[in-house]
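The sequence lines fix the lettering, A, B, ..., with proteins before strands; numbering per chain opens at 1. Quick note: numbers below take in every heavy atom, side chains included, and nothing from hydrogens, waters or symmetry partners.
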2 protein chains.
Amino acid sequence: MRFTTSTSIEYPTGTPSRPSHLRQSNARTLLRLLRENSPCSKADLVRLSGLSAPTVSSAVTYLESLNLVENLGDGESSGGRPPEMLRFNATHGYVAGVDIGGTRLRMVLADLNGRIVTQWATQFTEKQRTPKAVCGLIHDGLKMMCQDASTSLKKVLHITVGAPGVTNVNSGVVLSAPNLRDWNDVPLRSMIEREIGTEATVENDTNLAAVGEQWRGSASGIENFIFIALGTGVGAGIFLRGHLHHGANWSAGEIGYSAVHGQPRRTIEVHQTGQMERSIGGLGIEAEWQKLLARERRSTPELAKLRATEIFDLAVDGDRLAIQVVNSTSQILTDCIVEMSLVLDPEVVILGGGVGSHPELCRGTEKLLAHNEFARPQVRSSSLGTQAQLHGAIFLSLTATEARLLA
Amino acid sequence: MRFTTSTSIEYPTGTPSRPSHLRQSNARTLLRLLRENSPCSKADLVRLSGLSAPTVSSAVTYLESLNLVENLGDGESSGGRPPEMLRFNATHGYVAGVDIGGTRLRMVLADLNGRIVTQWATQFTEKQRTPKAVCGLIHDGLKMMCQDASTSLKKVLHITVGAPGVTNVNSGVVLSAPNLRDWNDVPLRSMIEREIGTEATVENDTNLAAVGEQWRGSASGIENFIFIALGTGVGAGIFLRGHLHHGANWSAGEIGYSAVHGQPRRTIEVHQTGQMERSIGGLGIEAEWQKLLARERRSTPELAKLRATEIFDLAVDGDRLAIQVVNSTSQILTDCIVEMSLVLDPEVVILGGGVGSHPELCRGTEKLLAHNEFARPQVRSSSLGTQAQLHGAIFLSLTATEARLLA
DNA sequence: CTAAATTTGTTAATAAACTTTACAAAGTTT
DNA sequence: AAACTTTGTAAAGTTTATTAACAAATTTAG
């Protein structure tokens, strides 16, 4: 260090602005405007951006040279020389989304407008659930989808993978995934990047579902909401001030371990199913149903093996015991929502997952929440259903790609 | 709308980058570097910023013309021409912080480095607690402080006011403040701005305390933490990903209404003290203490009127009943922290407020949390104590001012 | 004690990016 | 067919940055 007079300065820290930054910044602005307003003319871009015509012209030439913009030829005149219509070239590249489920692998391929162009899925065999095998399957699926979309693997710019477990998004490591045996500290991102040669993001699947619902689902445009996934497992995706919230140890939203009102207090242990999950997870709901059946001596093999959603369906038909199950589930869920709302004050709570998206549960929860004067967010069912994760994955891939299109 | 060929485009949306933006951006960068590294020379700024020497020279001249930077004269040579030392002119302006408490008004004045130069406080009389009277008191206090600091009211660039209630920070309206009679939908910001003629920010006092602890207290440098204020009231400041979280209706952190494990479920009503507050607020702790005293026939007038912190002090001395009070309070607090941690996964929880900052409570809570395998944030006592709000207010004022110094 | 080296800072020349002005191109309206 | 409107480009001028050259002031070395 050459510095001597002052105490101690570390070099360098600044981010100098140079004339070339203007070009970059304006190119980015124009590309964004083009993506939001395709097709449009240069004159439109002049009006939209506030830049001068020569600048727009030069930037568009630059974007065309990168193959990011295509010229569609003359448009309709509005009283003068007809405009040359421009369009963002959505097939300049593609992005992929992957959902690693407990029993199957699902994938989608989308263009740079986020339009899904093809999809692929496969059931796991037991052996295929190792991290290494999953990477191979993803590679296979990607190749199949590229073929189907008549494109090449090289044009896939980013791939986002949803894993059913606690995930360090920065490092791309799946820290733990209870439903996937031996998935602990799996460096999934680097494995995929090495296997496929494409930049990757790894996220928790429930977080992806939340992003999906925010992008083009029930939480569209909402800045503060909680996505609650009720299925075999119970978890939440926390979306605050327009962004996912992960927490200090990537475990935000692990509400399966939350306490249930009226049940004894417990300590939190990783390898034990949480109290909330045991109560309102799919298995918990079915257990409650069986208990009630037994108590009322109505148990038959057929009734006893009903799944949670089927029990809810019975409630819609007016079955007294099933209604009781819906009510107790709704009550526990409501307590959970109230506690979260007091802390976070979300605008909306989205109920998703195989069990959670059942409309009867939404209705029951809404009714109970209405008793409160506040801590009373809107409750909505997931509108993307099982596709939410995949849409969220596409969104994150698009976001990651955006910065790289003009880098 | 002149646009006809495409479906519909609204003008204008862009943010064009022009050469003058470079100057602005670089001036801002250099000012920031100067604030972080005062005193330093132009040559240092060249190295820190990565900009060329002529650019730095020209920008510094500009900053000097605005009186934002002062030249201290020659520094010590390090083997060549001695550098001209530059310093950010922290007395170019001042910022103020205000805390509206239940019984008193406290204010501080700080320079643009955030150094507190003077303070002022007054007890409220009953009549002085109306919004209008409070604005007058703030005006008086500000004038006193300016006199004390030998500066003028015109040099006060921003004032941040903490109010003990739910506050809409965008509009500057205090929506409700249970401890201040008739404070409902008070447009405090515009009232202060009109009275004093200075740009103002209004925030919830607990949120300000959280900001203060993050800036120069127990949460220094922590991106995700929860500040829990335990006093007569119970509330939390939620600090996530480096920013305060307010929620959709400005009521995030209202955990005084949270349910207490083992107590019957209740609906949430605004004008009724919350369950959590009734249990571990100062009054709740004192009631519990009196109950235990009565049960053990130890009640004396002297013991019965002890305040919560004094009861905790007795526990430190080994008093069995007092220890019991600490334990039950810690247990309820721990349950609350665990539930929040499952949702938010904070790195740290700061205990503050008159009751909460008692070290015995921190110790008890830490011990109980240690039983968990996760949902186990660090627990720390507030290090700024009753000053936390004021420091937070100064920080927010500085942040608001920063953008305006070069506008 | 003087000359060389070092560090700081300014001036002059050059480059990049934007804007304004002028104008060409290609329609519609009168 | 002439006038008007809209789109788009070319040329000239402005702003801001950089590099290169140099001046100023001190330390170091012979």
Side-chain angles (χ1 to χ4, degrees), chain A residues 1-6 9 11-12 14-30 39-64 69 71-86 406, chain B residues 1-6 9 11-12 14-30 39-64 69 71-86 406:
Chain A
M1 179 104 75
R2 288 183 297 171
F3 195 85
T4 52
T5 56
S6 182
I9 300 190
Y11 305 112
T15 44
S17 293
R18 306 222 160 75
S20 65
H21 288 79
L22 295 180
R23 223 186 146 76
Q24 283 298 311
S25 163
N26 284 330
R28 247 190 298 277
T29 300
L30 289 173
C40 73
S41 66
K42 287 178 198 170
D44 288 327
L45 289 176
V46 167
R47 288 185 285 263
L48 285 164
S49 68
L51 290 163
S52 68
T55 300
V56 169
S57 201
S58 144
V60 166
T61 304
Y62 170 61
L63 292 174
E64 282 176 333
V69 166
N71 193 321
L72 301 177
D74 282 4
E76 211 170 297
S77 163
S78 61
R81 173 174 168 177
E84 295 169 29
M85 299 311 284
L86 304 169
L406 284 171
Chain B
M1 179 105 72
R2 286 182 299 174
F3 194 85
T4 52
T5 55
S6 182
I9 300 191
Y11 306 112
T15 45
S17 293
R18 306 224 160 73
S20 66
H21 288 81
L22 296 180
R23 220 183 148 77
Q24 282 299 310
S25 162
N26 284 330
R28 245 190 299 277
T29 300
L30 289 173
C40 73
S41 66
K42 288 178 196 169
D44 287 327
L45 288 176
V46 167
R47 288 185 285 263
L48 284 164
S49 68
L51 290 164
S52 68
T55 301
V56 168
S57 202
S58 143
V60 167
T61 304
Y62 171 61
L63 293 173
E64 281 175 333
V69 166
N71 193 321
L72 301 177
D74 282 3
E76 212 171 296
S77 162
S78 61
R81 174 175 169 178
E84 293 171 32
M85 299 312 285
L86 304 169
L406 286 170

Do N71(B) and L86(B) come close enough that some side-chain heavy atom pair is under 4.5 Å? yes
Close N or O pairs between protein and nucleotides 12-16 of chain D (under 3.5 Å):
none

When rounded to whole Å, the CD to P distance for the pair E76(B) and dT8(C) reads 13 Å
Side chain of S52(A) only, heavy atoms from C-beta on: which candidate in dG8(D), dT10(C), dT19(C) is closest? dT19(C)
Side chains of E84(B) and D74(B), heavy atoms from C-beta outward: is any pair under 4.5 Å? yes
Who does dA2(D) pair with, Watson-Crick or G-U, both distances under 3.5 Å? dT29(C)
When you check the phosphate oxygens OP1 and OP2 of dT9(D), does a side-chain N or O of S57(A) lie under 4.0 Å from one of them? yes
Heavy-atom side-chain contact between S49(A) and V56(A) under 4.5 Å: yes
Base, sugar-phosphate, or nothing: which does P54(B) touch, judged by heavy atoms less than 4.0 Å apart? base
d(CG, D44(A); P, dT6(D)) in whole Å: 13 Å
To the nearest angstrom, the CG-P distance between N71(B) and dT8(C) comes to 15 Å
Test item: side-chain donor near acceptor, N26(A) and T29(A), under 3.5 Å: no
Considering non-hydrogen atoms only, spot the tightest contact between L72(B) and P39(B) and give its length. CD1-CB, 3.9 Å
R18(B) atom CZ is separated from dA17(D) atom P, nearest whole Å, by 16 Å
Can you find a side chain N or O atom of K42(B) that sits less than 4.0 Å from OP1 or OP2 on dT7(C)? no
Interatomic distance, S41(B) atom OG to R47(B) atom CZ [nearest 0.5 angstrom]: 6.0 Å
At their closest point, which heavy atom of G79(A) faces which heavy atom of S77(A), and how far apart are they? N-OG, 3.0 Å
Length of the CD-C1' vector between E84(B) and dG9(C), whole Å: 7 Å
Quick one: NZ on K42(A) to OG on S58(A), what's the gap to the nearest 0.5 Å? 10.0 Å
What one-letter contact string describes nucleotides 25-30 of chain D from 5' to 3', where B marks a base within less than 4.0 Å of any protein heavy atom, S marks contact via sugar-phosphate atoms alone, and - marks no contact? BBS---
Whole angstrom is fine here: how far is it from CG in L45(A) over to P in dT9(D)? 12 Å
Work out which heavy atom in V46(A) is nearest to a heavy atom in A53(A); give both atom names and the distance. CG2-CA, 3.6 Å
